[in-house]
Structures are given as C-alpha cells and as structure tokens.
Amino acid sequence: MKAINATTIGNLISAHYEHNEEKFDSYVKFIIEAYEEQGEPRKANIVRKRANGSYKNEPMVTLD
C-alpha cells in the first residue's frame, strides 16, 4: 500500500518550485492513488479537482 508522508509532500513542493510539471504530476498521481488504495475517495477527488482546476466549476458554499 502506498503511503503519503512528509517526503512525498516535500518532493511535490520541490517539483513545484523547480517548475517540473512532469515530476509534479507524477507526485499528484501518486497521492491520488494512495488515497484511493486507502479507501478515501473523497480525499482523492479533492486532490484531483485541485490539480486539474475543475474545483472552480463547483458551487461555492457560503455561510451567513
């Protein structure tokens, strides 16, 4: 089973600062797969939507 740890997050951040889209995308994919393997589809969907920008099409929740 894949595990998301500080090293994974650190490598994701490094890829972002290096502007290495291929490396960044591979870590995002790893994180999504890890959440799916752990039975956490909601977390996987949150990461997926943030990565591909589709979260912008979701309705906003506002509190009065």
Side-chain angles (χ1 to χ4, degrees):
M1 181 180 285
K2 296 176 181 164
I4 302 167
N5 56 33
T7 302
T8 305
I9 303 300
N11 288 335
L12 179 71
I13 293 167
S14 293
H16 170 72
Y17 283 124
E18 294 167 4
H19 303 287
N20 187 335
E21 292 298 318
E22 185 177 330
K23 186 176 173 183
F24 182 83
D25 290 343
S26 73
Y27 278 104
V28 169
K29 183 179 175 183
F30 177 87
I31 291 168
I32 291 169
E33 289 173 358
Y35 280 138
E36 288 174 341
E37 285 180 9
Q38 295 170 10
E40 298 284 356
R42 185 169 185 268
K43 291 178 182 180
N45 284 333
I46 289 169
V47 174
R48 186 179 293 110
K49 288 179 180 182
R50 285 290 177 168
N52 67 20
S54 65
Y55 73 95
K56 295 174 186 176
N57 300 328
E58 299 281 323
M60 298 289 290
V61 175
T62 58
L63 303 175
D64 292 333

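Everything numeric here is computed off the predicted structure, so don't read it as measured data. Just the heavy atoms: all of them, side chains too, but no hydrogens, waters or symmetry mates, feed the values below. Position 1 is the first residue of the sequence, and the numbers go up from there.
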With N57 via side chain to side chain donor-acceptor pair (under 3.5 Å) - residues at least two apart: none

Once side chain to side chain donor-acceptor pair (under 3.5 Å) is applied, do any residues pair with E37, and if so which ones, sequence neighbours excluded? none

From E40 atom CD to I4 atom CD1, the distance as rounded to the nearest 0.5 Å: 9.5 Å

side-chain contact (heavy atoms from CB on, under 4.5 Å) with I46: which residues, sequence neighbours excluded? R42

K29 atom NZ, over 12 foreign heavy atoms within 6.0 Å: no

What salt bridge (charged side-chain N to carboxylate O under 4.0 Å, His left out) pairs are there with at least one residue in residues 10-19, not counting sequence neighbours? E18-K23

Let me check something: any side-chain donor-acceptor pairs from residues 9-16 under 3.5 Å, sequence neighbours excluded? List them with distances.
from : atom 1 : to  : atom 2 : distance (Å)
N11  : ND2    : T7  : O      : 3.3
N11  : ND2    : Y27 : OH     : 3.1
S14  : OG     : G10 : O      : 3.1

Please name all residues satisfying side-chain contact (heavy atoms from CB on, under 4.5 Å) with E36, sequence neighbours left out, ordered by chain then number. I32, A44, R48

What pairs with S26 under side chain to side chain donor-acceptor pair (under 3.5 Å), at least two apart in sequence or on another chain? none

Just to verify, what does N20 make a side chain to side chain donor-acceptor pair (under 3.5 Å) with, not counting sequence neighbours? none

Holding to salt bridge (charged side-chain N to carboxylate O under 4.0 Å, His left out), I want the full list of residues that pass it with K49, two or more places apart in sequence or in another chain. E58

